[in-house]
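Naming: A, B, ... by sequence-line order, numbering from 1 per chain.
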Amino acid sequence: MADSSSVIDGNETLIPNLPNDLSALILSFVPFPFHGRLKSTCKLWRSFYSSKTPISLRNTHLPSSCLSHLLCVFPQDPSLSSPYVFDPAHLAWAPLPPMPVNPYVYSLSNFAALSIGPHVYVLGGSVFDTRAFPMDRPVASAAVFRYDLVVGRWVPLAPMQAPRGSLAAAALGGRWIVVAGGGSRHSMFGAAGTRVGSAEVYDVERDEWAPVAGLPGLRAGCVGFCAEGRGRRREFWVMGGYGEAKTINGVLPVDEHYKDAMVLEMEHGRWREVGDMWEDEERPRLGKVVTIDDDDDDEKNLPGVFMLDGNSIFRYNMASNRWLKESIVPRKTQSGSSFGFVALRGELHVISLLQGAELSAIRSSKHRRRGTVLFMQIYNPRNMSWRSLVTRTPFQCPLDFRTAVMCTIRV
Amino acid sequence: MASSSSSSLSRVVVKSSDNNLFVVNKKVASQSQLLKQCIDNMEEKGTNDVILIPLSNVTSNILTLVLEYCEKHADFADDDNNNQELKQWDHEFLKKFDYATLNSLTMAADYMVTKSLLNLCCQFIADSIKDLTVQQIRQIFDIKNDFTPQEEADIKNENAWAFR
(Lines give C-alpha, C1' and ligand atoms only; values in the text may rest on other atoms or scores of the structure.)
Protein backbone atom coordinates (compact mmCIF):
# COMPACT_ATOMS: atom_id res chain seq x y z
CA MET A 1 0.00 0.00 0.00
CA ALA A 2 2.35 2.65 1.21
CA ASP A 3 5.94 2.80 0.22
CA SER A 4 7.57 3.46 3.53
CA SER A 5 10.64 1.47 2.65
CA SER A 6 12.79 4.56 2.29
CA VAL A 7 12.29 5.33 5.97
CA ILE A 8 11.98 1.95 7.61
CA ASP A 9 14.06 -1.13 7.08
CA GLY A 10 12.52 -4.55 7.27
CA ASN A 11 13.31 -5.38 10.88
CA GLU A 12 11.83 -2.35 12.56
CA THR A 13 8.18 -1.80 13.25
CA LEU A 14 6.56 1.59 13.62
CA ILE A 15 3.83 0.14 15.84
CA PRO A 16 4.43 -3.35 17.26
CA ASN A 17 1.94 -6.05 16.15
CA LEU A 18 0.83 -4.03 13.15
CA PRO A 19 2.18 -4.21 9.58
CA ASN A 20 4.27 -1.15 8.75
CA ASP A 21 2.07 -0.08 5.85
CA LEU A 22 -0.92 0.16 8.18
CA SER A 23 1.11 1.83 10.92
CA ALA A 24 2.30 4.39 8.38
CA LEU A 25 -1.29 5.08 7.42
CA ILE A 26 -2.32 5.54 11.05
CA LEU A 27 0.59 7.83 11.89
CA SER A 28 -0.05 9.88 8.74
CA PHE A 29 -3.70 10.38 9.68
CA VAL A 30 -2.68 12.14 12.91
CA PRO A 31 -3.50 15.81 12.21
CA PHE A 32 -0.47 17.75 10.96
CA PRO A 33 0.13 20.07 13.96
CA PHE A 34 0.79 17.05 16.20
CA HIS A 35 3.51 15.55 14.02
CA GLY A 36 6.34 17.54 15.59
CA ARG A 37 5.50 16.42 19.10
CA LEU A 38 5.30 12.73 18.13
CA LYS A 39 8.88 12.82 16.86
CA SER A 40 10.07 12.35 20.43
CA THR A 41 8.40 8.93 20.79
CA CYS A 42 11.31 6.95 19.34
CA LYS A 43 13.95 7.21 16.61
CA LEU A 44 11.81 5.45 14.05
CA TRP A 45 8.87 7.81 14.58
CA ARG A 46 11.25 10.75 14.35
CA SER A 47 12.56 9.64 10.96
CA PHE A 48 9.02 8.82 9.82
CA TYR A 49 7.69 12.26 10.71
CA SER A 50 10.80 13.89 9.19
CA SER A 51 10.14 12.16 5.87
CA LYS A 52 7.83 12.89 2.96
CA THR A 53 5.68 9.88 3.75
CA PRO A 54 3.07 11.37 6.15
CA ILE A 55 1.90 14.18 3.89
CA SER A 56 2.04 12.16 0.69
CA LEU A 57 0.04 9.36 2.35
CA ARG A 58 -2.53 11.91 3.53
CA ASN A 59 -2.88 13.22 0.00
CA THR A 60 -3.24 9.80 -1.58
CA HIS A 61 -5.58 8.25 1.02
CA LEU A 62 -7.72 11.00 2.46
CA PRO A 63 -10.54 12.64 0.53
CA SER A 64 -9.89 16.38 0.31
CA SER A 65 -12.72 17.04 2.75
CA CYS A 66 -10.82 15.06 5.41
CA LEU A 67 -7.50 16.85 4.94
CA SER A 68 -6.45 19.34 7.60
CA HIS A 69 -7.45 22.84 6.61
CA LEU A 70 -4.85 24.98 8.31
CA LEU A 71 -4.55 28.67 8.90
CA CYS A 72 -1.01 29.93 8.34
CA VAL A 73 -0.19 33.06 10.35
CA PHE A 74 2.84 35.30 9.87
CA PRO A 75 2.77 37.49 12.99
CA GLN A 76 5.85 39.47 11.93
CA ASP A 77 8.79 39.34 9.53
CA PRO A 78 8.93 35.57 8.84
CA SER A 79 12.74 35.57 8.72
CA LEU A 80 12.85 36.81 12.31
CA SER A 81 9.89 35.12 13.97
CA SER A 82 8.39 31.78 13.07
CA PRO A 83 5.19 31.57 11.09
CA TYR A 84 2.61 29.26 12.68
CA VAL A 85 -0.04 26.95 11.41
CA PHE A 86 -3.32 26.52 13.28
CA ASP A 87 -5.79 23.67 12.92
CA PRO A 88 -9.23 24.93 14.03
CA ALA A 89 -10.65 21.41 14.01
CA HIS A 90 -8.31 20.39 16.82
CA LEU A 91 -7.39 23.80 18.26
CA ALA A 92 -3.76 22.86 17.66
CA TRP A 93 -0.83 25.09 16.71
CA ALA A 94 2.54 24.18 15.22
CA PRO A 95 5.46 26.45 14.38
CA LEU A 96 7.10 26.50 10.97
CA PRO A 97 10.83 27.26 10.81
CA PRO A 98 11.69 30.90 10.09
CA MET A 99 12.37 31.96 6.52
CA PRO A 100 16.05 32.21 5.47
CA VAL A 101 17.58 35.52 6.51
CA ASN A 102 19.02 37.98 4.04
CA PRO A 103 21.67 39.82 6.11
CA TYR A 104 21.17 43.09 4.23
CA VAL A 105 17.45 43.53 4.69
CA TYR A 106 15.18 43.58 7.71
CA SER A 107 11.60 44.09 8.80
CA LEU A 108 9.79 42.47 5.87
CA SER A 109 6.13 43.49 5.80
CA ASN A 110 3.19 43.78 3.40
CA PHE A 111 4.24 40.65 1.52
CA ALA A 112 1.69 38.29 -0.01
CA ALA A 113 1.26 34.70 1.15
CA LEU A 114 -0.67 31.95 -0.60
CA SER A 115 -0.58 28.20 -0.92
CA ILE A 116 -0.59 25.69 -3.75
CA GLY A 117 -0.90 22.10 -2.56
CA PRO A 118 1.39 21.58 0.47
CA HIS A 119 3.49 24.65 -0.44
CA VAL A 120 3.30 28.13 1.06
CA TYR A 121 4.59 30.98 -1.10
CA VAL A 122 5.84 34.28 0.32
CA LEU A 123 5.92 36.94 -2.39
CA GLY A 124 7.61 40.34 -2.36
CA GLY A 125 6.92 42.82 0.41
CA SER A 126 8.48 45.96 1.77
CA VAL A 127 11.83 45.93 3.57
CA PHE A 128 14.55 48.19 4.89
CA ASP A 129 17.76 47.54 2.98
CA THR A 130 21.07 48.48 4.60
CA ARG A 131 22.59 48.87 1.14
CA ALA A 132 20.02 51.42 0.01
CA PHE A 133 20.18 55.17 0.52
CA PRO A 134 18.63 56.62 2.56
CA MET A 135 18.63 53.57 4.80
CA ASP A 136 15.51 54.50 6.71
CA ARG A 137 13.32 54.50 3.63
CA PRO A 138 11.64 51.15 2.93
CA VAL A 139 12.04 49.59 -0.51
CA ALA A 140 9.97 47.01 -2.32
CA SER A 141 11.30 43.47 -2.47
CA ALA A 142 11.14 41.10 -5.43
CA ALA A 143 12.13 38.03 -3.42
CA VAL A 144 9.98 34.91 -3.49
CA PHE A 145 10.23 32.01 -1.07
CA ARG A 146 8.43 28.72 -0.85
CA TYR A 147 7.94 26.62 2.25
CA ASP A 148 7.41 22.94 1.54
CA LEU A 149 5.37 21.30 4.31
CA VAL A 150 6.20 17.86 2.95
CA VAL A 151 9.91 18.11 3.62
CA GLY A 152 9.77 21.06 6.05
CA ARG A 153 12.13 23.35 4.16
CA TRP A 154 12.23 26.91 2.79
CA VAL A 155 13.50 27.35 -0.76
CA PRO A 156 14.31 30.69 -2.44
CA LEU A 157 12.69 30.92 -5.89
CA ALA A 158 13.17 33.11 -8.94
CA PRO A 159 12.46 36.72 -7.91
CA MET A 160 9.65 38.72 -9.50
CA GLN A 161 10.67 40.95 -12.41
CA ALA A 162 9.29 43.99 -10.59
CA PRO A 163 9.84 44.42 -6.84
CA ARG A 164 6.51 44.96 -5.07
CA GLY A 165 4.77 44.68 -1.72
CA SER A 166 1.10 45.35 -0.89
CA LEU A 167 0.33 43.46 -4.09
CA ALA A 168 -2.59 41.55 -5.52
CA ALA A 169 -1.64 37.89 -5.81
CA ALA A 170 -3.48 34.63 -6.36
CA ALA A 171 -2.83 31.03 -7.34
CA LEU A 172 -4.28 29.94 -10.66
CA GLY A 173 -5.05 26.41 -11.77
CA GLY A 174 -2.70 24.83 -9.24
CA ARG A 175 0.27 25.71 -11.42
CA TRP A 176 0.58 29.49 -11.76
CA ILE A 177 0.71 32.53 -9.53
CA VAL A 178 -0.56 35.83 -10.88
CA VAL A 179 0.57 39.11 -9.31
CA ALA A 180 -0.38 42.67 -10.18
CA GLY A 181 0.22 46.17 -8.84
CA GLY A 182 1.80 46.81 -5.47
CA GLY A 183 4.42 49.18 -4.13
CA SER A 184 6.97 49.83 -1.45
CA ARG A 185 4.76 51.04 1.40
CA HIS A 186 5.87 49.59 4.72
CA SER A 187 3.52 48.71 7.56
CA MET A 188 5.41 51.15 9.80
CA PHE A 189 4.23 54.07 7.67
CA GLY A 190 0.61 54.78 6.87
CA ALA A 191 1.44 56.74 3.75
CA ALA A 192 4.15 57.23 1.14
CA GLY A 193 5.79 54.50 -0.88
CA THR A 194 6.01 53.86 -4.60
CA ARG A 195 3.28 52.25 -6.72
CA VAL A 196 3.55 50.00 -9.75
CA GLY A 197 1.00 48.85 -12.28
CA SER A 198 2.80 45.93 -13.87
CA ALA A 199 1.62 42.33 -13.71
CA GLU A 200 3.40 39.01 -14.13
CA VAL A 201 2.76 35.30 -13.96
CA TYR A 202 4.88 32.68 -12.19
CA ASP A 203 5.09 29.16 -13.52
CA VAL A 204 5.48 26.89 -10.50
CA GLU A 205 6.95 23.99 -12.44
CA ARG A 206 9.50 26.01 -14.41
CA ASP A 207 10.34 28.50 -11.63
CA GLU A 208 9.98 31.39 -14.07
CA TRP A 209 8.24 34.76 -14.10
CA ALA A 210 6.80 36.10 -17.33
CA PRO A 211 5.28 39.57 -17.81
CA VAL A 212 1.64 39.99 -18.79
CA ALA A 213 -0.25 43.18 -19.65
CA GLY A 214 0.04 45.71 -16.82
CA LEU A 215 -2.84 47.33 -14.98
CA PRO A 216 -4.11 50.44 -16.78
CA GLY A 217 -2.89 52.60 -13.88
CA LEU A 218 -0.68 52.46 -10.82
CA ARG A 219 -2.28 50.55 -7.98
CA ALA A 220 -1.04 49.30 -4.61
CA GLY A 221 -2.69 47.87 -1.52
CA CYS A 222 -5.09 45.97 -3.72
CA VAL A 223 -6.48 42.47 -3.32
CA GLY A 224 -6.39 39.73 -5.95
CA PHE A 225 -8.20 36.48 -6.55
CA CYS A 226 -8.80 34.10 -9.42
CA ALA A 227 -12.08 33.03 -10.89
CA GLU A 228 -11.93 29.74 -12.64
CA GLY A 229 -14.21 26.81 -12.96
CA ARG A 230 -15.45 24.31 -15.42
CA GLY A 231 -16.61 25.87 -18.65
CA ARG A 232 -15.41 29.31 -17.66
CA ARG A 233 -12.58 31.48 -18.84
CA ARG A 234 -9.89 32.03 -16.29
CA GLU A 235 -9.80 35.50 -14.81
CA PHE A 236 -7.65 37.32 -12.31
CA TRP A 237 -9.55 39.97 -10.37
CA VAL A 238 -7.89 42.96 -8.74
CA MET A 239 -10.02 45.03 -6.40
CA GLY A 240 -9.56 48.29 -4.51
CA GLY A 241 -6.18 49.66 -3.49
CA TYR A 242 -4.79 53.12 -3.93
CA GLY A 243 -3.26 54.91 -6.89
CA GLU A 244 -1.14 58.03 -7.18
CA ALA A 245 -0.92 60.15 -4.05
CA LYS A 246 -2.77 63.43 -4.05
CA THR A 247 -2.24 66.20 -1.57
CA ILE A 248 -4.64 68.25 0.48
CA ASN A 249 -3.81 71.94 0.27
CA GLY A 250 -0.69 70.90 -1.58
CA VAL A 251 0.91 69.64 1.62
CA LEU A 252 -0.74 66.66 3.25
CA PRO A 253 -0.45 63.47 1.19
CA VAL A 254 -3.53 61.28 1.10
CA ASP A 255 -4.27 58.12 -0.83
CA GLU A 256 -6.91 58.12 -3.44
CA HIS A 257 -8.64 54.77 -3.00
CA TYR A 258 -10.04 52.91 -5.95
CA LYS A 259 -13.68 51.91 -5.78
CA ASP A 260 -13.45 49.71 -8.83
CA ALA A 261 -12.08 46.35 -9.90
CA MET A 262 -9.98 45.32 -12.87
CA VAL A 263 -10.18 41.88 -14.41
CA LEU A 264 -7.36 40.23 -16.35
CA GLU A 265 -8.77 37.81 -18.92
CA MET A 266 -6.01 35.23 -18.90
CA GLU A 267 -6.91 33.87 -22.31
CA HIS A 268 -6.41 37.17 -24.17
CA GLY A 269 -4.07 38.77 -21.65
CA ARG A 270 -6.35 41.84 -21.60
CA TRP A 271 -7.65 43.90 -18.69
CA ARG A 272 -11.36 44.62 -18.43
CA GLU A 273 -12.71 47.47 -16.31
CA VAL A 274 -15.51 46.55 -13.98
CA GLY A 275 -16.35 50.03 -12.73
CA ASP A 276 -17.12 51.40 -9.30
CA MET A 277 -18.50 48.87 -6.84
CA TRP A 278 -20.06 51.43 -4.48
CA GLU A 279 -21.13 55.07 -4.22
CA ASP A 280 -18.91 57.70 -2.60
CA GLU A 281 -20.87 57.87 0.64
CA GLU A 282 -20.97 54.11 1.24
CA ARG A 283 -17.39 53.52 2.33
CA PRO A 284 -14.04 55.26 1.88
CA ARG A 285 -12.19 52.15 0.78
CA LEU A 286 -12.42 48.42 0.20
CA GLY A 287 -12.44 46.34 3.38
CA LYS A 288 -10.67 43.02 3.82
CA VAL A 289 -11.64 40.64 1.05
CA VAL A 290 -11.49 36.84 0.99
CA THR A 291 -12.90 34.24 -1.37
CA ILE A 292 -14.51 30.87 -0.77
CA ASP A 293 -13.92 28.33 -3.49
CA ASP A 294 -16.84 26.02 -3.64
CA ASP A 295 -15.54 22.56 -4.50
CA ASP A 296 -19.01 21.21 -5.14
CA ASP A 297 -20.16 23.87 -7.51
CA ASP A 298 -17.99 24.35 -10.56
CA GLU A 299 -20.71 25.95 -12.60
CA LYS A 300 -20.83 29.11 -10.55
CA ASN A 301 -19.44 32.21 -12.18
CA LEU A 302 -17.31 33.43 -9.34
CA PRO A 303 -16.06 32.02 -6.09
CA GLY A 304 -17.95 33.48 -3.14
CA VAL A 305 -16.27 36.86 -2.62
CA PHE A 306 -16.74 38.38 0.82
CA MET A 307 -15.65 41.63 2.41
CA LEU A 308 -15.32 42.55 6.04
CA ASP A 309 -15.96 46.29 6.40
CA GLY A 310 -16.08 47.43 10.02
CA ASN A 311 -18.38 44.93 11.71
CA SER A 312 -20.30 44.00 8.60
CA ILE A 313 -19.81 41.24 6.10
CA PHE A 314 -20.73 41.91 2.49
CA ARG A 315 -20.95 39.53 -0.43
CA TYR A 316 -19.98 40.66 -3.92
CA ASN A 317 -22.66 40.38 -6.54
CA MET A 318 -21.11 40.31 -9.98
CA ALA A 319 -24.29 40.93 -11.95
CA SER A 320 -24.95 44.24 -10.24
CA ASN A 321 -21.31 44.98 -9.41
CA ARG A 322 -22.37 45.81 -5.87
CA TRP A 323 -21.55 44.59 -2.38
CA LEU A 324 -24.64 43.25 -0.66
CA LYS A 325 -24.90 43.04 3.09
CA GLU A 326 -24.59 39.43 4.21
CA SER A 327 -24.30 39.49 8.00
CA ILE A 328 -23.01 41.36 11.04
CA VAL A 329 -20.15 40.13 13.22
CA PRO A 330 -21.84 39.22 16.53
CA ARG A 331 -19.15 40.61 18.82
CA LYS A 332 -17.23 43.76 18.03
CA THR A 333 -13.57 44.18 18.94
CA GLN A 334 -12.45 46.57 21.60
CA SER A 335 -11.98 49.97 20.09
CA GLY A 336 -8.95 50.50 17.94
CA SER A 337 -8.01 46.91 17.35
CA SER A 338 -8.77 45.32 14.04
CA PHE A 339 -10.11 41.99 12.87
CA GLY A 340 -8.25 39.33 10.96
CA PHE A 341 -10.38 37.94 8.15
CA VAL A 342 -9.75 34.62 6.46
CA ALA A 343 -11.74 31.94 4.64
CA LEU A 344 -11.16 28.37 5.73
CA ARG A 345 -13.07 25.26 4.75
CA GLY A 346 -15.95 27.21 3.26
CA GLU A 347 -16.37 29.40 6.32
CA LEU A 348 -15.38 32.98 7.08
CA HIS A 349 -13.20 33.40 10.15
CA VAL A 350 -13.29 36.81 11.83
CA ILE A 351 -10.36 36.80 14.27
CA SER A 352 -9.68 39.21 17.11
CA LEU A 353 -7.50 39.33 20.20
CA LEU A 354 -9.10 38.79 23.58
CA GLN A 355 -7.94 41.44 25.99
CA GLY A 356 -8.48 42.73 29.51
CA ALA A 357 -12.02 42.22 30.75
CA GLU A 358 -12.90 39.75 28.04
CA LEU A 359 -9.92 37.67 29.05
CA SER A 360 -10.79 37.56 32.71
CA ALA A 361 -14.26 36.37 31.77
CA ILE A 362 -12.75 33.10 30.64
CA ARG A 363 -10.09 32.86 33.30
CA SER A 364 -11.50 29.70 34.79
CA SER A 365 -10.75 27.91 31.57
CA LYS A 366 -7.52 26.38 30.42
CA HIS A 367 -6.63 29.50 28.47
CA ARG A 368 -5.48 31.36 31.54
CA ARG A 369 -1.85 31.24 30.73
CA ARG A 370 0.58 33.52 29.02
CA GLY A 371 0.38 34.02 25.31
CA THR A 372 -2.12 35.75 23.10
CA VAL A 373 -5.70 34.51 23.21
CA LEU A 374 -7.56 34.62 19.92
CA PHE A 375 -11.31 34.79 19.54
CA MET A 376 -12.61 33.47 16.22
CA GLN A 377 -16.13 34.20 15.11
CA ILE A 378 -16.92 31.86 12.27
CA TYR A 379 -19.63 32.47 9.70
CA ASN A 380 -20.98 29.76 7.44
CA PRO A 381 -22.53 31.33 4.32
CA ARG A 382 -24.36 28.12 3.41
CA ASN A 383 -26.68 28.16 6.40
CA MET A 384 -25.94 31.77 7.40
CA SER A 385 -25.01 30.78 10.93
CA TRP A 386 -22.30 31.92 13.33
CA ARG A 387 -20.21 29.91 15.75
CA SER A 388 -17.08 30.80 17.66
CA LEU A 389 -13.96 29.37 19.23
CA VAL A 390 -11.21 30.55 21.54
CA THR A 391 -7.59 29.50 21.24
CA ARG A 392 -4.34 30.47 22.92
CA THR A 393 -1.48 31.09 20.53
CA PRO A 394 1.87 29.49 21.33
CA PHE A 395 3.81 32.62 20.41
CA GLN A 396 4.60 35.49 22.71
CA CYS A 397 5.10 38.13 20.05
CA PRO A 398 2.21 40.54 19.66
CA LEU A 399 -0.26 39.90 16.89
CA ASP A 400 -1.61 42.92 15.03
CA PHE A 401 -4.15 42.07 12.35
CA ARG A 402 -3.39 45.29 10.50
CA THR A 403 0.07 43.94 9.68
CA ALA A 404 -0.01 40.17 10.22
CA VAL A 405 -0.21 38.18 6.98
CA MET A 406 -2.37 35.07 6.77
CA CYS A 407 -3.13 32.38 4.26
CA THR A 408 -4.64 28.91 4.33
CA ILE A 409 -3.22 25.56 3.40
CA ARG A 410 -4.60 22.05 3.04
CA VAL A 411 -2.48 19.02 3.99
CA MET B 1 -26.62 -12.09 10.31
CA ALA B 2 -27.94 -11.37 6.85
CA SER B 3 -31.46 -10.33 6.20
CA SER B 4 -33.59 -12.89 4.42
CA SER B 5 -33.68 -12.77 0.68
CA SER B 6 -35.69 -14.49 -2.00
CA SER B 7 -32.90 -16.10 -3.95
CA SER B 8 -30.02 -18.15 -2.60
CA LEU B 9 -27.79 -16.58 -5.26
CA SER B 10 -28.13 -13.26 -3.52
CA ARG B 11 -26.21 -14.64 -0.60
CA VAL B 12 -22.71 -15.95 0.00
CA VAL B 13 -21.15 -17.94 2.81
CA VAL B 14 -17.99 -16.61 4.41
CA LYS B 15 -15.79 -18.84 6.53
CA SER B 16 -13.64 -17.38 9.30
CA SER B 17 -10.16 -18.64 10.20
CA ASP B 18 -11.65 -20.60 13.13
CA ASN B 19 -14.07 -22.34 10.77
CA ASN B 20 -17.31 -20.56 11.61
CA LEU B 21 -19.68 -19.95 8.73
CA PHE B 22 -21.46 -16.65 8.09
CA VAL B 23 -24.28 -16.29 5.62
CA VAL B 24 -24.01 -12.84 4.09
CA ASN B 25 -26.31 -10.90 1.82
CA LYS B 26 -24.48 -10.14 -1.44
CA LYS B 27 -25.09 -6.43 -1.13
CA VAL B 28 -23.47 -6.47 2.31
CA ALA B 29 -20.57 -8.61 1.13
CA SER B 30 -19.90 -6.20 -1.74
CA GLN B 31 -18.75 -3.62 0.77
CA SER B 32 -15.57 -5.69 0.84
CA GLN B 33 -13.71 -5.52 -2.45
CA LEU B 34 -12.15 -8.92 -1.67
CA LEU B 35 -15.55 -10.62 -1.29
CA LYS B 36 -16.96 -8.69 -4.25
CA GLN B 37 -14.08 -9.88 -6.43
CA CYS B 38 -14.70 -13.50 -5.36
CA ILE B 39 -18.40 -13.20 -6.10
CA ASP B 40 -17.80 -11.58 -9.49
CA ASN B 41 -15.32 -14.31 -10.44
CA MET B 42 -17.70 -17.08 -9.45
CA GLU B 43 -20.60 -15.48 -11.30
CA GLU B 44 -18.50 -15.17 -14.44
CA LYS B 45 -17.96 -18.91 -14.29
CA GLY B 46 -21.74 -19.21 -14.18
CA THR B 47 -21.93 -21.27 -11.02
CA ASN B 48 -25.29 -21.83 -9.40
CA ASP B 49 -23.91 -23.20 -6.17
CA VAL B 50 -23.78 -21.24 -2.99
CA ILE B 51 -20.48 -19.40 -2.98
CA LEU B 52 -18.18 -20.25 -0.06
CA ILE B 53 -15.37 -17.79 0.64
CA PRO B 54 -12.78 -18.83 3.22
CA LEU B 55 -10.96 -16.00 5.00
CA SER B 56 -7.86 -17.53 6.52
CA ASN B 57 -6.74 -14.32 8.23
CA VAL B 58 -9.87 -13.22 10.07
CA THR B 59 -11.22 -14.73 13.28
CA SER B 60 -14.95 -15.04 13.77
CA ASN B 61 -15.28 -12.31 16.41
CA ILE B 62 -13.47 -9.81 14.15
CA LEU B 63 -15.41 -11.00 11.10
CA THR B 64 -18.65 -10.41 13.02
CA LEU B 65 -17.59 -6.79 13.52
CA VAL B 66 -16.56 -6.26 9.91
CA LEU B 67 -19.87 -7.68 8.74
CA GLU B 68 -21.77 -5.51 11.21
CA TYR B 69 -20.03 -2.50 9.68
CA CYS B 70 -20.71 -3.69 6.11
CA GLU B 71 -24.35 -4.31 6.87
CA LYS B 72 -24.82 -0.79 8.19
CA HIS B 73 -22.97 0.80 5.29
CA ALA B 74 -24.75 -1.30 2.66
CA ASP B 75 -27.89 0.67 3.51
CA PHE B 76 -26.24 3.89 2.45
CA ALA B 77 -25.16 4.93 -1.02
CA ASP B 78 -21.46 5.36 -1.77
CA ASP B 79 -21.69 9.10 -1.83
CA ASP B 80 -23.39 9.15 1.54
CA ASN B 81 -20.11 9.30 3.44
CA ASN B 82 -21.01 12.69 4.80
CA ASN B 83 -24.26 11.47 6.24
CA GLN B 84 -24.30 12.68 9.84
CA GLU B 85 -26.23 9.68 11.14
CA LEU B 86 -23.72 7.30 9.57
CA LYS B 87 -20.78 9.24 10.94
CA GLN B 88 -22.27 9.12 14.40
CA TRP B 89 -22.87 5.40 14.06
CA ASP B 90 -19.27 4.84 12.92
CA HIS B 91 -17.94 6.67 15.93
CA GLU B 92 -20.16 4.79 18.40
CA PHE B 93 -19.21 1.56 16.69
CA LEU B 94 -15.45 2.02 17.13
CA LYS B 95 -15.68 3.62 20.57
CA LYS B 96 -16.54 0.28 22.16
CA PHE B 97 -13.28 -1.45 21.29
CA ASP B 98 -9.95 -1.71 23.05
CA TYR B 99 -6.75 -1.07 21.19
CA ALA B 100 -6.06 -4.76 20.43
CA THR B 101 -9.48 -5.17 18.83
CA LEU B 102 -9.04 -1.98 16.79
CA ASN B 103 -5.72 -3.35 15.63
CA SER B 104 -7.25 -6.62 14.44
CA LEU B 105 -10.16 -4.77 12.86
CA THR B 106 -7.74 -2.53 10.96
CA MET B 107 -5.84 -5.54 9.64
CA ALA B 108 -9.07 -7.33 8.70
CA ALA B 109 -10.35 -4.24 6.88
CA ASP B 110 -7.07 -4.07 4.98
CA TYR B 111 -7.16 -7.78 4.15
CA MET B 112 -10.80 -7.69 3.06
CA VAL B 113 -10.20 -4.44 1.12
CA THR B 114 -12.92 -2.47 2.85
CA LYS B 115 -11.36 0.90 2.29
CA SER B 116 -13.87 3.01 4.17
CA LEU B 117 -13.52 0.83 7.28
CA LEU B 118 -9.73 0.86 6.95
CA ASN B 119 -9.69 4.66 6.74
CA LEU B 120 -12.14 4.88 9.61
CA CYS B 121 -10.05 2.64 11.89
CA CYS B 122 -6.80 4.40 11.00
CA GLN B 123 -8.34 7.83 11.58
CA PHE B 124 -9.83 6.68 14.86
CA ILE B 125 -6.51 5.35 16.16
CA ALA B 126 -4.72 8.45 14.83
CA ASP B 127 -7.17 10.71 16.63
CA SER B 128 -6.59 8.89 19.89
CA ILE B 129 -2.80 9.10 19.41
CA LYS B 130 -2.93 12.88 19.08
CA ASP B 131 -4.49 13.20 22.53
CA LEU B 132 -1.91 11.01 24.29
CA THR B 133 1.35 12.07 25.88
CA VAL B 134 4.48 10.54 24.44
CA GLN B 135 4.88 8.40 27.59
CA GLN B 136 1.33 7.06 27.22
CA ILE B 137 1.94 6.28 23.55
CA ARG B 138 5.06 4.27 24.41
CA GLN B 139 3.18 2.39 27.09
CA ILE B 140 0.05 1.59 25.08
CA PHE B 141 1.83 0.63 21.88
CA ASP B 142 4.76 -1.03 23.64
CA ILE B 143 7.34 1.20 21.97
CA LYS B 144 10.80 1.44 23.44
CA ASN B 145 12.29 4.87 24.01
CA ASP B 146 15.60 4.53 22.17
CA PHE B 147 16.73 8.14 22.60
CA THR B 148 19.55 9.15 24.88
CA PRO B 149 18.43 11.74 27.46
CA GLN B 150 20.39 14.38 25.53
CA GLU B 151 18.67 13.53 22.23
CA GLU B 152 15.28 13.62 23.89
CA ALA B 153 15.98 17.04 25.37
CA ASP B 154 17.06 18.33 21.94
CA ILE B 155 13.85 17.19 20.29
CA LYS B 156 11.75 18.67 23.03
CA ASN B 157 13.52 21.98 22.47
CA GLU B 158 12.68 21.88 18.78
CA ASN B 159 9.01 21.60 19.65
CA ALA B 160 9.11 23.47 22.95
CA TRP B 161 5.61 24.94 22.68
CA ALA B 162 3.99 21.51 22.61
CA PHE B 163 5.38 20.47 25.98
CA ARG B 164 4.47 23.46 28.06
Exercise for the section: May I ask you to test the L118(B)-L22(A) pair for a side-chain heavy-atom distance under 4.5 Å? Expected result: yes
Practice task
Using non-hydrogen atoms and a 4.5 Å limit, figure out which bit of D127(B) sits close to chain A: side chain, backbone, both or neither.
Solution key: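 Just its side chain gets close to chain A.
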Handout entry: E151(B) atom CD: more than 12 heavy-atom contacts under 6.0 Å
Key =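 Yes, CD of E151(B) has more than 12 neighbouring heavy atoms, counting only those of other groups under 6.0 Å.
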Once you round to the nearest 0.5 Å, how far does [atom1] of [X] lie from [atom2] of [Y]?
X	Y	atom1	atom2	answer
Q123(B)	S28(A)	CD	OG	10.5 Å
W45(A)	F147(B)	CH2	CZ	11.0 Å
Y99(B)	L18(A)	OH	CG	5.5 Å

Practice task
For K130(B) and L38(A), run side-chain contact (heavy atoms from CB on, under 4.5 Å): C-alpha distance rounded to whole Å, both residues' side-chain angles, the deciding distance at 0.1 Å, then the answer.
Solution key: CA-CA 8 Å; K130(B) 79 173 168 37; L38(A) 294 177; over 6 Å; no
Practice task
Against chain B, work out which of I26(A), L62(A), N17(A), I15(A) has the most heavy-atom pairs shorter than 4.5 Å and name it.
Solution key: I26(A)
Exercise for the section: Answer with side chain, backbone, both or neither: which region of P31(A) has an atom nearer than 4.5 Å to a non-hydrogen atom of chain B? Expected result: side chain
Exercise for the section: Applying side-chain contact (heavy atoms from CB on, under 4.5 Å), run through I129(B) and F29(A) and close with a yes or a no. Expected result: CA-CA 10 Å; I129(B) 286 177; F29(A) 283 9; over 6 Å; no
Handout entry: Backbone of H61(A) reached by a side-chain donor or acceptor of N119(B) within 3.5 Å
Key = yes
Exercise for the section: Would you confirm whether D146(B), through its side chain, and K43(A), through its main-chain N or O, come within 3.5 Å as a donor-acceptor pair? Expected result: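 Yes; judged by distance alone, with no hydrogens or angles, the pair exists.
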Can you name the closest pair of heavy atoms from [X] and [Y] and give their distance?
X	Y	result
K144(B)	C42(A)	O-CB, 3.6 Å
I155(B)	K39(A)	CD1-O, 4.1 Å
P16(A)	N103(B)	O-ND2, 4.5 Å

